[in-house]
Amino acid sequence: MARAVIDDQELFTFYEKAISEARPQLIELYQNTFKAHNLHALLFPTSPIVAPLANEDVYSIETFQTLMRNTDPGSNIGIPGLSLPIGKGAKSKLPIGFEIDGLAHQDSELLAIGITLEEIFKVLNQ
């Protein structure tokens with residue numbers, strides 16, 4: 001498979017556009033979503049798949065993109081997020097995470113939600 005070659009100037013231009021246009025748009029989308037639905041947090045699986053066992057496939061870009069799909073947007077816009085363990089994969093026995101994201105500067109509220117959910121999950125996982 002041929003790989004596209006990107007020179008430094010193209011990479012810089014792409015990065016600058018992501019920072020100056022895409023990031024503010026994503027921040028606005030999050031803020032509008034929280035406001036429109038009176039949300040205090042977004043709750044979702046940390047990863048759309050159970051973590052795979054370590055082997056050659058784990059290092060592929062496709063696996064990385066899949067594992068990062070749910071947490072990447074919040075990370076890119078700098079909002080607080082927590083991942084709580086909520087169980088283990090049936091076959092792999094590797095942890096399954098539950099992500100909680102909040103808006104910027106809402107860290108205390110997010111931590112309070114996380115502490116409450118952690119207590120609930122402890123009971124469910126006994």
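Keep in mind the model is a prediction, meaning the values are calculated, not measured. All residue numbers in this chain count up from 1 along the given sequence.
- Between the CG atom of Leu26 and the CG atom of Asn76 there is a distance of 7.5 Å, given to the nearest 0.5 Å.
- Cluster annotation: Ile79 is connected to Leu39 through the hydrophobic network of ILVMFWY side chains, with a link wherever side-chain heavy atoms come within less than 4.5 Å.
- The two atoms that bring Ala51 and Ser92 nearest to each other are O-OG, 4.0 Å, heavy atoms only.
- Atom CD of Glu118 is separated from atom CD1 of Ile113 by 13.5 Å, given to the nearest 0.5 angstrom.
- Counting all heavy atoms, side chain and backbone alike, Gly102 lies closest to Leu110 at N-CD1, 3.6 Å.
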Next on the checklist: Pair Leu117, Leu43 - check side-chain contact (heavy atoms from CB on, under 4.5 Å), show working.
Outcome noted: CA-CA 11 Å; Leu117 289 174; Leu43 310 170; 4.0 Å; yes
Next on the checklist: Checking Glu16 against Phe12 for the side-chain contact (heavy atoms from CB on, under 4.5 Å) test, could you report, in this order, the C-alpha distance in whole Å, the side-chain angles of both residues, the deciding distance, and whether it holds?
Outcome noted: CA-CA 6 Å; Glu16 282 296 312; Phe12 179 78; 3.5 Å; yes
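- Under the 3.5 Å distance criterion, the side-chain polar atoms of Ser75 are left unmatched by any main-chain donor or acceptor of Thr71.
- Other residues, nucleotides and ligands place no more than 12 heavy atoms under 6.0 Å from the CD atom of Glu28.
- With rounding to the nearest 0.5 angstrom, the CG atom of Asp101 is 5.5 Å from the OH atom of Tyr30.
- Defined by atom type and a distance below 3.5 Å, a donor-acceptor pair is present between the side-chain atoms of Thr13 and Gln9.
- Thr46 places a side-chain N or O within 3.5 Å of a backbone atom of Phe98 that can act as its donor or acceptor partner.
- Rounding to the nearest 0.5 Å gives a distance of 14.0 Å between CZ of Arg23 and CD of Glu21.
- Between atom CG of residue Leu84 and atom CD1 of residue Ile120 there is a gap of 10.5 Å, rounded to the nearest 0.5 Å.
- Atom CG in Leu103 sits 11.5 Å away from atom NZ in Lys35 (nearest 0.5 Å).
- In terms of hydrophobic clustering, with Ile, Leu, Val, Met, Phe, Trp and Tyr side chains grouped at heavy-atom distances under 4.5 Å, Leu29 and Phe44 are assigned to a common cluster.
- Of all heavy-atom pairs spanning Gly97 and Ser83, the tightest one is CA-OG, 4.0 Å.
- In the hydrophobic cluster analysis, where Ile, Leu, Val, Met, Phe, Trp and Tyr join through side-chain heavy atoms closer than 4.5 angstrom, Ile61 is grouped apart from Leu67.
- Inspection of the Thr66 and Thr63 side chains reveals no N or O donor paired with an N or O acceptor under 3.5 Å.
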Next on the checklist: Test side-chain contact (heavy atoms from CB on, under 4.5 Å) on Ile100 and Leu42; report intermediate values, then the result.
Outcome noted: CA-CA 6 Å; Ile100 310 164; Leu42 292 176; over 6 Å; no
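- Contact between Ser20 and Pro24 at its shortest, heavy atoms only, is O-CG, 3.4 Å.
- Contact record, Lys93 with Lys88: O-CD, 3.3 Å, taken as the closest heavy-atom pair.
- Under the 4.5 Å side-chain contact rule for hydrophobic residues, Phe121 and Leu111 share a cluster.
- Other residues, nucleotides and ligands place no more than 12 heavy atoms under 6.0 Å from the CG atom of Asp8.
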